[in-house]
Amino acid sequence: MELEQTIRERRSIRKFNPAPVARDKIVELMREAERLCVRDEEEPQRRYLYAGTPDARKRLADYLTEKIEDNKVAKLALGKLIGTFHKRFMEPAANIIVIAKKGKNPAEGARNYGTACRIMQSFQLLAWREKIGMVWITEPFVLNERFFDRIGLRADERFVGLLQIGHFDKAPRGRGRTPAERYWNVLSAPGAEVLPANESETGARSEQIRYKDRPVPADLVLKLLNHAVWAPNHRMREPWRFTYAERGAHGRAEQAANTAPPAHLIVSMRAETDEHKRDENLAAVYCLAQNFCLLAEERGLDAHVIFPNWMFDEAAARRLKIPDKEQIVAVLELGFRGEVRSAAAEPPPGSDKAETLRWSEL
Ligand SMILES: Cc1cc2nc3c(=O)[nH]c(=O)nc-3n(C[C@H](O)[C@H](O)[C@H](O)COP(=O)(O)O)c2cc1C
């Protein structure tokens with residue numbers, strides 16, 4: 001199946017049939033998903049908790065309903081609901097809880113959370129090709145301290161999502177997406193004048209990439225975005241906004257060395273005071289970013305997600321004409337890849353490092 005088609009046709013699946021999904025298949029797909037997203041990581045910044053056996057699935061359902069069952073009045077009133085919950089968590093062949101490290105600073109935290117989300121999106125796409133469906137769950141009943149205690153979430157960790165996985169008979173119809181043009185702005189000033197330098201950037205590459213002296217056409221970026229917007233996003237909030245910046249004639253020193261990316265795509269989203277909604281929106285943006293990276297790669301365009309400290313700098317956002325009510329949440333460096341200078345410094349996708357899955361059973 002074509003990548004574009006997979007991205008557009010993937011649906012969140014909430015009704016599963018009883019066909020089993022082999023644990024080994026799930027691990028293999030997650031390994032592949034990591035390989036597609038992780039390049040320069042010293043050690044994994046996330047882990048996976050797997051509930052695939054009937055016992056583990058029951059345990060998961062018990063953990064999720066414990067808080068209600070503790071409260072006698074609620075238990076009486078919600079007895080039926082508890083039964084429904086159990087069924088809901090016993091039905092899918094498998095569940096995976098994804099947990100990311102918080103990181104030592106905001107940029108590191110964003111990178112760890114963003115990378116976990118991007119991996120989850122790649123995993124959804126790879127699984128879809130094998131007719132395995134899933135839904136990403138972040139409902140409030142999952143986000144409770146009691147449950148986090150039960151699954152052993154540590155103080156330096158953050159819950160990213162619970163994936164319910166299984167085979168299905170029929171995919172629901174997709175709800176259309178808003179064209180990317182609606183959320184698109186091209187900076188008229190050359191990016192080299194308004195983009196801050198990437199010093200102390202989190203997510204920097206270990207290799208020195210060299211770009212071809214070839215512009216990245218804005219209409220190509222927009223075209224890819226119009227496929228990428230088929231990312232999962234809860235309640236169809238489509239939180240993403242795009243700012244496209246070409247480097248322009250300035251920044252010549254770097255340009256001459258071909259080490260400065262010819263273009264940047266900056267993704268922002270409306271500031272959200274509700275933490276839960278904000279995390280869901282962030283996750284949706286990173287799913288979109290992952291769609292974009294995969295689509296770009298198919299066309300020989302290098303798209304690399306970075307988390308520079310200036311993402312959190314209001315003055316930088318103003319220079320980039322990001323509206324006051326929005327915040328920058330992802331920055332993509334774009335360029336057609338020339339030669340890689342020191343191949344040895346680049347752990348190729350699929351290196352052992354990227355394949356170290358932190359996997360345990362619930
Ligand atoms: C971060 C995130 C959280 C989500 N949480 C839930 C959830 O708690 N319950 C649910 O039914 N679907 C959840 N979804 C799925 C979305 O509702 C779904 O992606 C959206 O309705 C678009 O449908 P599609 O995925 O079929 O394209 C979530 C998706 C994402 C990306």
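Order of listing sets the numbers, starting from 1, for every ligand and every atom in it.
- Not a single N or O atom of W230, backbone or side chain, sits closer than 3.5 Å to an N or O atom of ligand 1.
- For ligand 1 and V135, the ligand atoms under 4.0 Å from any heavy atom of the residue are 10 (C), 11 (O), 12 (N).
- Of the N or O atoms in E280, none lie within a sub-3.5 Å distance of an N or O in ligand 1.
- In E297, the CD atom is not crowded: 12 or fewer heavy atoms of neighbouring residues, nucleotides or ligands sit closer than 6.0 Å.
- The atoms of ligand 1 that sit less than 4.0 Å from any heavy atom of M236 are 22 (C).
- Among protein heavy atoms, atom 20 (C) of ligand 1 sits closest to N233 O, 3.2 Å.
- Of the charged side-chain nitrogens involved, at least one lies within less than 4.0 Å of a carboxylate oxygen, so that K25 and E28 count as a salt-bridged pair.
- A heavy-atom separation below 4.0 Å is found between R177 and ligand 1.
- Salt bridge annotation for E157-K102: absent, with no cationic side-chain nitrogen under 4.0 angstrom from a carboxylate oxygen.
- Close approach of ligand 1 to A283 (heavy-atom distance below 4.0 Å) involves ligand atoms 1 (C).
- Around atom CD of E361, more than 12 heavy atoms belonging to other residues, nucleotides or ligands sit under 6.0 Å away.
- Between the CD atom of Q164 and the CZ atom of R14 there is a distance of 10.0 Å, given to the nearest 0.5 Å.
- Considering only non-hydrogen atoms, atom 7 (C) of ligand 1 lies nearest to H234 out of H234, Q164, E9, R173.
- For atom 21 (O) of ligand 1, the nearest non-hydrogen atom from the set M134, M120, R14 belongs to R14.
- Annotation: atom 13 (C) of ligand 1 to nearest protein heavy atom, W136 O, 2.9 Å.
- Taking the six-membered ring where tryptophan is involved, the planes of Y286 and Y113 are perpendicular, since the angle between them exceeds 60° and thus also 30°.
- Here H167 pairs with N17, A19, V21, I132 under the side chain to side chain contact (heavy atoms under 4.5 Å, CB included) rule; sequence neighbours left out.
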With a cut-off of 3.5 Å and sequence neighbours excluded, list every side-chain donor-acceptor pair involving residues 180-191.
{"residue": "E181", "atom": "OE1", "partner": "N226", "partner atom": "ND2", "Å": "3.0"}
{"residue": "E181", "atom": "OE2", "partner": "N226", "partner atom": "ND2", "Å": "3.4"}

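- With hydrogens left out, the protein atom closest to atom 31 (C) of ligand 1 is P232 O, 3.5 Å, a heavy atom.
- Given atom 9 (N) of ligand 1, the protein heavy atom at minimum distance is E139 OE2, 2.8 Å.
- Aromatic rings from F123 and W136 are positioned such that their centres are separated by 6.0 Å or more.
- The shell of residues lying under 4.0 angstrom from ligand 1, judged by heavy atoms, includes R10.
- In terms of protein heavy-atom proximity, atom 3 (C) of ligand 1 is closest to T138 OG1, 3.2 Å.
- Annotation: cation-pi geometry satisfied between R214 and F336 (NZ/CZ under 6.0 angstrom from ring centroid, within 45° of ring axis).
- Using a 4.0 Å cut-off between heavy atoms, S12 contacts ligand 1 through both its backbone and its side chain.
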